[in-house]
Each structure stands twice: as C-alpha cells, then as structure tokens.
Amino acid sequence: MRISLPPFMTLSRRRFLRGAGSLVAAYTLADALRLARADTMSMTMPARMTAPTLAAPKEPLLNPTSLTRFVDRLPIPPTAHAAGKRAHPAYPDRMLPYYRMEMRAFKARLHRDLPATPLWGYSGLSPGPTIDTMRGEPLLIDWVNALPTQHFLPIDHNLHGAERSQPEVRVVTHVHGARVPAASDGYPEDGYAPGHSALYHYPSAQDAATLWYHDHAMGITRLNIYAGLFGTFIVRDAEEQALGLPSGDFDLPLILCDRLIAKDGQLYYPVSDDPSAPWVTECHGNAVLCNGKLYPYLDVEPRRYRLRLINVANTSFFDLSLSHEVPFKQIGSDQGLLPVPLTRSRIELYPAERADVVVDFSDMAGQSVQLHHRSEAIMEFRVHDHERRDTSALPATLRSIKRIDPASAVRDRVLTLGELDDANGNAMAMLLGGKRWSDPVTEDPRQNSIETWSFVNLTGDAHPIHLHLVRFQVIDRRPFDLFAWNADRTLKFTGPAQLPPPHEAGWKDTVRADPGMVTRIAMHFEGEPGRYVWHCHFLEHEDNDMMRPYQLLPEQTG
Ligand code: C2O
Ligand code: CU
C-alpha cells in the first residue's frame, strides 16, 4: 500500500506488528492516517491505535525545488580557539586549554534567495565551531546559556522534564561518543536556564574519532537540536596521523540534517492537531542542510579529500551517493577507523551515526560531482584543474580491531524497544525495556566488565540506539518470533544470526536496531562509575521516554 503524501510530508511508513508477527495494518502520521483509515483498519486493530495527527503548518512551506541550486559556498565551521589555560582539580599537575561556548540566538541565510532564518547556535553559529583535540589532551569547556528565556519551537508540557514548572528554555551539552566522567557528560536532567553555565572537562582519553556535541535537555532535546544546537568534536591521535590520510584543508566535517522551512525562511517544527499535546513521533524535513546551507557547493582540487559525514537530523536517515559513479572509500565509522578502507557506492546514515570517507577527485578535474541523498542532489563539488601536489595516502590497512568475544560477557541484558498508547490514546510514548525514564535504574553494569545487550525490537521501525560513555561492537542481528514474545516473553529465533556488514564491524556508539530483529552489541564498560544514559537517537522518541538512565557501578575488588 502506498499513500501519496503532500511533498513536504515525506513521512516514513510505519507498521504495527502484532499477533503472529503478521502485518496487520500500515499507517503513517498526518492526513495519511485519515486517508488510509478506511482501507487499512482491520478488525484486529485496537480501537485506540492512533498516532498523533499532524496539523497543517500555519505558514506555507517552501517548495525546495523552486530554489536555485549550488549558489552558496559550503560553510566550513571555524575551529574553536581556547580562551586561555586553567587549572582543574581532576588534573592536578597541568593547565588545561579553556574554551567558552556561548549559546545564542542569531539569524542566518540558509540559501541566497531566502530571508534570514532565526536559529540558535553555539557561538552564534550552526553548526557551531569545531572542537579539535588530540588523544590524551584534556580540555575544559564552559557551556554558557545566553539564549532567550522563551522557546521559538512548540514545547509539549506533557513530556517528562518539560512540565510548566520548568524554565521553558534549558540546555545541557553532551559530547556524543566521548568517554567523559558522569558529571561532565551532560545528564539530561542537569539542564539550566539562560544566564547560567556549566564547566565540563573532557579527558580525551580515547582513540581518534569524529564525535559531535549537541544539546540534551530533558523533554526538549528535539527542539534545541532542531533550532541549531550542534557541532563537531574531533579527536585525533598519532596512530591515525601516521597514516598520512588527507589532512588540513582537505579534511572537512560535513554535517547533514533536514528541516521543514517555511516560505518566509522560518524553521517549521511539526505539531499534532492537539494544541495541548503538540508532540509528534517523527520529524522529517523538506530540505537537507549541509553545514547549515541548502544546496551548497564547494570548490575542490583534483585530489583526495577526507569528509567526516555526520547525521544530526531528528529522525531522518540519509542515503548518500556521489554522481559520476565516484565511490566513497569509507575509512571510519562512529568511533574511528575501520580495519581497512571500504569501497562503497552508497552510505546509509541513521541519526547520530558518522562515516569518515575519503573521496578521490583526481580523475574529475574540470567537472562537477554532486552528493545525492536518494535521487536528490544536495550539494556539489566543483573540481578545479589546478592542484597543489597531493601527498596524502590511503593505506590498505588502517588499524586492527580486536573483536570482543561475546562469551566473555558477564551478562546479557535483553531489552525491548516498544511503543505505548497513553491514556488518551492520541500521544504514544516510546519505551525501552518496557520502562519509562522515571522508573528506577535497571541497567547497572560494573566498571571494567564486558556485557552484551540484546535489543528486541517490538515496533515496526528501525531505531538508532546509542549508549553514552562506551564504544561497542555489533555482534549480530537475528530475526525472532514476535508472537512467541508477546505470548510469554520467550525469545524464539526464526532464522540464523546475521553478522554486521564490514562498515558496521568497527567501533560504534549508535546502532540501528531493525524491526523484527534482535540486535546484539558487546561492550567493555571502561570509564568512571556514575549515572549515564542510553536512548533511541530519534529525537522525538528520546524526548518521549525512549531514554533510560544507567548506572555504572564501581569495579568489584577482591
Ligand atoms: Cu547524541 Cu545521548 O546523544
Ligand atoms: Cu526510536
């Protein structure tokens, strides 16, 4: 069944799997639900199986095909500079570089022919400045909330942490993929109002990787990130530098997100048709921003470039390819280098996932190469004739990654990904392990132990699951019998385990848990004991209970 949607509503089709694992009904958000109801509602549907229905936008939305493509240069976020050196009690014998990152409201043109768009950003930029550090070089960041006291996007006060008793605007910054002590990790409930700040320290005791920072305030993360609160955080190390990969001007972050943009240039965030409960389950844009611009271009030399692709979208995944059959050589994933470069014609990135790629433009002098998301060209590389000599390398092997033996795990936790209708039946919550955020902690691994976690996806969607603090390996995905699970919680596999493809066989911090599958990961809980979180990185889900605290307990001694 295919439902035709207005062009701005590229909402994915979601299915409810019930009973014998059969496809009972398909539905989408929005008007599609009403359109579809007649022919898809079957007798077995629960009476209140309704997703929030999208309200029609108040402002007419931009038709992105009306914009001239490739007229704006791709912005490269500036590298953040330390404001000085400071002492910190966690590092008694050294002075640390001290950065000040002020979150501010500002306006920026997303495209030459659009009026300026009100945004929020770190240092008044979106993406914010790139933080660039070396392994073993800790740093301090003062995250300063200089935002207005009123939000410009629709808060849902029914969501946990976003009650009317809370300051409307709150922020707390998390560096995604960083191994950071709990007090500096950006715990969602540590959000603070304008006029306040938080000084965090980052040990940088981890392998080179493309990380990113973003807001994580309880119940409004989806709105704060949508407003523009994100940036790149790069960790480098000597091992990686010794490989001679493209560096300097030839090593660029490419941060992708989609947004709904109104004709007047304003960001539009979708709401349900119930003004007292505006939350919606998904947010998909009508246009893709590359480093904050619509359809930008970049002048490049005919040589190799390293691009650090980061998906910072709320719910959309990107299906990326290059024109002229130019391949990506994927060299890294979420947590740094893969064992060997992989030649890939397409790269799929779920929210929060990263792919480091090398693109070789040396055969393309004088031509233009477009980056596509699905069939749409979202940016253009203009390859010039002249070049400085390309002294970069792309070695055949990058690093060795020792596989974690699942048999060494002290514990396998079976954790469901599920959905729940609320009492009104029109605003669903999303649950992990059948629990809400506010339920007592259930995941309490020991420091330095190895565990495996098995995500049993009971929903009809893939969910990108992220753990703070630790990097992990994907062990396998295996289809299971949903009927048997629903009947008495037994996990009955219906097919063989599928090993991750090579691009998912490096270190990860976010994994796609597919519907109908048990996705199993393994990790070594290195890091400081304390309270962290794990969650779905669909920001709408994360804000509506698809996030759980976890407690890293001190190592058992003796
Ligand atoms: Cu990208 Cu909990 O975060
Ligand atoms: Cu989810």
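First listed ligand is number 1; within each ligand, the first listed atom is number 1.
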For Pro181 against His201, the heavy-atom pair lying closest together
CG-CE1, 3.6 Å
At less than 2.8 Å, would any N/O/S atom of His535, backbone or side chain, sit next to atom 2 (Cu) of ligand 1?
yes
Using only N, O or S atoms, tell me which atom of His468 is closest to atom 2 (Cu) of ligand 1.
NE2
So, 2.8 Å as the limit: is an N/O/S atom of His466 located closer than that to atom 1 (Cu) of ligand 1?
no
Please tell me if the side chains of Thr232 and Ile310 come closer than 4.5 Å, counting only heavy atoms from C-beta onward.
yes
Partner of Pro188 under side-chain contact (heavy atoms from CB on, under 4.5 Å), picked from His174, Met218, Glu542, is Met218
Can you see whether Thr130 engages Asp132 through a side-chain donor-acceptor pair at a distance of less than 3.5 angstrom?
no
SG (Cys536) to the Cu ion (ligand 2) to ND1 (His463): angle, nearest 10 degrees?
130°
Would one find an N, O or S atom of His216, in either backbone or side chain, under 2.8 Å from atom 1 (Cu) of ligand 1?
no
Suppose we only allow N, O or S atoms; which atom of His541 ends up nearest to the Cu ion (ligand 2)?
ND1
Minimum-distance N/O/S atom that His176 presents toward atom 1 (Cu) of ligand 1:
ND1
Is the Tyr550 ring parallel, tilted or perpendicular to the Trp453 ring (thresholds 30°, 60°)?
perpendicular
Is a salt bridge present between Glu451 and Arg413, judged by a nitrogen-to-oxygen distance below 4.0 Å?
yes
Rounding to 10°, state the angle centred on atom 1 (Cu) of ligand 1 that links NE2 in His214 with NE2 in His537.
110°
